[in-house]
Amino acid sequence: MSEYQIDTKCIHSGYTPGNGEPRVLPIVQSTTYTYESAGEMGALFDLEKSGFFYTRLGNPTLDAVEKKIADMEGGVGAMLTSSGQSASLISILNICPAGSHVVSSSAIYGGTFNLFNKTMREMGIEFTFVSPEATREEIDRAFQENTRCVFAESVSNPSLVVADLAMFADAAHAHGVPLIVDNTFPTPVNFRPFEVGADIVMHSTTKYMDGHAVQVGGVIVDSGNFDWNNGKFPMLTEPDESYHGVVYTERFGKAAYITKARTHLMRDLGAQAAPMNAFLLNLGLETLALRMERHCSNALAVARYLEQHEKVAWVNYPGLESSKYYALTQKYMPNGSCGVVSFGIRGGRDAAIRFMEGLKLASIVTHVADLRTCVLHPASTTHRQLNDEQLREAGASPDLIRFSVGIENPADILADVEQALAQV
Ligand SMILES: *Cc1c(COP(=O)(O)O)cnc(C)c1O
């Protein structure tokens, strides 16, 4: 880990050009790499040497961005994936075979919920969902003998719940399993889950990390802190026959988990990021710290404005003093949480639609965490198949508007909100 501050890491970590080399991270658009001897390549295949041999398993452009994100989160290694979805899948599958069980917070992204509740259940992995506000006793009761990890979002999408991750980490460790955290919304600029005890972090890099809405991607980061030698993780502590009996914890030490994710699951599933996407992601990362600062100050201004408006029924933003997550947010992310504000307008579903259609600067899109202000009404779009009661259960009331505040001038964003509210 470098000694620099997070905003300097955003720019410099992962790639240090040598004399006469390109100043900007190059796009290595090559599937393969040449070697002078078959023996050398054989050693790479046997994991005896490190080096690039095929882009599904590693690529210099991806490698630099992986090193940057690992450094930003404070981990020992990272692996880019083709999407946030594949990062969620691989982060769990790496240590949870069929027949195992996962304790997950119920306040998670809808796509993650479907992945867990449908596809991974069909693969033979069981899930128990607990409230992100569960007490320690309630969390403890969710564990089973075959539980192999706990999963939670640091700031949930779209419900904006800030989970007490230190408590989730303690509970996980008391049961001998790691805590995996989806840290997409705050990004490592605002919050680093490893500092409160999380063991693995994953992201949808599609959101703030990229920030320009130009690539879909994901990443998994390993803290290197979890001790896998407790008998629950034979896939890491016993010989892997598909690599001539390598034992990951013996050969790779603290990087056992992330090395296995690559050499086993990326080898077999092929959900790797494209070099061009890694390059675009890196451009986004270079300005991430600056953008997060502006996203957060703009979002707080919007949340404060909405809170005092007579047509607004309720506002949820973790940075508002009125938020029930305010104290935890101040403790975990004193510099800000994210740029997303959710709120409801008096008049419910119809008023929400009139408000959204009245916006001029903000556009209606199925996306969040973009530098352009954008808005989504889950009840009439992403969640339109649900009735009002089902919507509430999913944490998205019929009147909920998810407002993703961009980095435009705050006066222009507020003026747009004001004129749209006047039309409701
Ligand atoms: C978008 C999102 C995902 C899924 O990521 P994709 O890049 O769309 O596959 C996972 N978690 C959170 C919190 C998200 O916002």
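Whatever order the structure lists ligands and atoms in, that order sets their numbers, starting from 1.
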**Message:** In the structure I gave you, are the side-chain heavy atoms of Val130 and Glu138 within less than 4.5 Å of one another anywhere?
**Reply:**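 With C-beta onward as the side chain, the pair stays apart.
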**Prompt:** Side chains of Tyr109 and Ser88: does their closest heavy-atom pair fall under 4.5 Å?
**Reply:**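 No. Closest side-chain heavy atoms not under 4.5 Å.
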**Asked** Among His367, His295, His203, which one satisfies ring-ring contact (aromatic ring centres under 6.0 Å, His included) with Tyr208?
**Response**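 Checked His367, His295, His203 against Tyr208; only one passes ring-ring contact (aromatic ring centres under 6.0 Å, His included): His295.
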**Asked** Between the side chain of Arg56 and the main-chain N/O of Arg267, is any donor-acceptor distance below 3.5 Å?
**Response**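 Pair found, side chain donor or acceptor close to backbone of Arg267.
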**Message:** Applying side chain to side chain donor-acceptor pair (under 3.5 Å) to Glu153 and Asn183, what does each step give before you reach the verdict?
**Reply:** CA-CA 6 Å; Glu153 289 183 11; Asn183 196 34; over 6 Å; no
Check ligand 1 for N or O atoms under 3.5 Å from a protein N or O and list each pair with its distance.
unit_1   : atom_1 : unit_2 : atom_2 : d
ligand 1 : 5 (O)  : Ser204 : OG     : 3.0
ligand 1 : 7 (O)  : Gly84  : N      : 2.9
ligand 1 : 7 (O)  : Ser204 : OG     : 2.8
ligand 1 : 7 (O)  : Thr206 : OG1    : 2.6
ligand 1 : 9 (O)  : Gly84  : N      : 3.0
ligand 1 : 9 (O)  : Gln85  : N      : 2.9
ligand 1 : 11 (N) : Asp182 : OD2    : 2.7
ligand 1 : 15 (O) : Asn157 : ND2    : 2.9
ligand 1 : 15 (O) : Lys207 : NZ     : 2.6

**Request:** Quickly, which of His12, Lys9, Glu66 forms a side chain to side chain contact (heavy atoms under 4.5 Å, CB included) with Asp71? Name it, please.
**Result:**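 When side chain to side chain contact (heavy atoms under 4.5 Å, CB included) is applied between Asp71 and each of His12, Lys9, Glu66, only Lys9 qualifies.
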